[in-house]
Amino acid sequence: MVHRSSSPAPAGPVRTCIGCRRRAAKSELLRVTAGSDADGRPAVVPDPTATAPGRGAHLHPTTECYDLAVRRRAFGRALRADPGLGNAPVGDYLQQDRSTRTITG
């Protein structure tokens with residue numbers, strides 16, 4: 001029996017981040033879906049509750065993985081949607097989430 005990784009398997013459902021391509025527990029990732037932005041144009045939108053209908057993709061909620069996904073054009077491919085799908089709502093969500101976090105020491 002060959003093990004690919006010495007780290008323990010994540011508990012619960014496992015998904016692959018479309019940015020870094022690493023596998024992680026579904027609960028650690030942000031689900032995104034195809035939707036529309038504030039102006040009604042087709043866009044990738046965050047689905048933090050993971051309850052929106054339709055095909056979804058998963059992403060670590062970090063700007064690093066977001067930037068990788070944008071650079072790789074992974075959103076359109078993963079969602080099987082138009083490659084020109086806007087991704088600003090996800091970037092805005094990650095920036096907003098980052099600014100609302102507080103560091104306790």
Side-chain angles (χ1 to χ4, degrees):
M1 179 179 220
V2 176
H3 292 280
R4 293 178 186 240
S5 174
S6 61
S7 62
V14 175
R15 301 290 183 266
T16 301
C17 172
I18 63 171
C20 66
R21 306 292 299 155
R22 286 192 312 249
R23 292 169 48 98
K26 182 180 173 184
S27 60
E28 296 175 16
L29 301 171
L30 171 66
R31 183 174 187 260
V32 297
T33 61
S36 57
D37 63 11
D39 297 326
R41 292 183 299 246
V44 179
V45 295
D47 180 20
T49 60
T51 57
R55 185 170 187 84
H58 292 82
L59 179 76
H60 283 108
T62 64
T63 54
E64 293 83 8
C65 285
Y66 169 76
D67 291 341
L68 281 170
V70 170
R71 189 170 46 225
R72 294 179 59 244
R73 298 184 180 115
F75 289 113
R77 203 170 32 255
L79 296 172
R80 296 183 183 166
D82 178 20
L85 205 60
N87 50 41
V90 176
D92 294 343
Y93 175 84
L94 292 174
Q95 288 298 324
Q96 176 187 7
D97 187 48
R98 185 180 205 178
S99 68
T100 59
R101 290 184 204 149
T102 57
I103 299 173
T104 56

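Just the heavy atoms: all of them, side chains too, but no hydrogens, waters or symmetry mates, feed the values below. Because the structure is predicted, anything quoted here is derived from the model rather than measured.
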Taking the side chain as every heavy atom from C-beta outward, state whether R21 and T16 have any atom pair closer than 4.5 Å.
yes
Could you check if a side-chain atom of V32 sits within less than 4.5 angstrom of a side-chain atom of Y93, using non-hydrogen atoms only?
no
Heavy atoms of H60 and L29 approach each other most closely as CD2-CD2, 3.4 Å
Looking at every heavy atom in both Y66 and L59, which two are closest together, and how far apart are they?
N-CD1, 4.0 Å
Return all side-chain donor-acceptor pairs below 3.5 angstrom for residues 41-56, not counting sequence neighbours, or 'none' if the list is empty.
| unit_1 | atom_1 | unit_2 | atom_2 | d |
| --- | --- | --- | --- | --- |
| R41 | NE | D37 | OD2 | 3.4 |
| R41 | NH2 | D37 | OD2 | 3.4 |
| R41 | NH2 | D39 | OD2 | 3.1 |
| D47 | OD1 | A50 | N | 3.2 |
| D47 | OD1 | T51 | N | 3.3 |
| D47 | OD2 | R31 | NH1 | 2.5 |
| D47 | OD2 | T51 | N | 3.2 |
| D47 | OD2 | A52 | N | 3.1 |
| T49 | OG1 | T51 | OG1 | 2.8 |
| R55 | NE | A78 | O | 3.0 |

What distance separates I18 CD1 from L79 CG, expressed to the nearest 0.5 Å?
6.5 Å
Using 0.5 Å steps for rounding, measure from the CG atom of L30 to the SG atom of C17.
9.5 Å
Under 4.5 Å between side-chain heavy atoms, counting indirect links through other Ile/Leu/Val/Met/Phe/Trp/Tyr residues: same cluster for L85 and L68 or not?
no
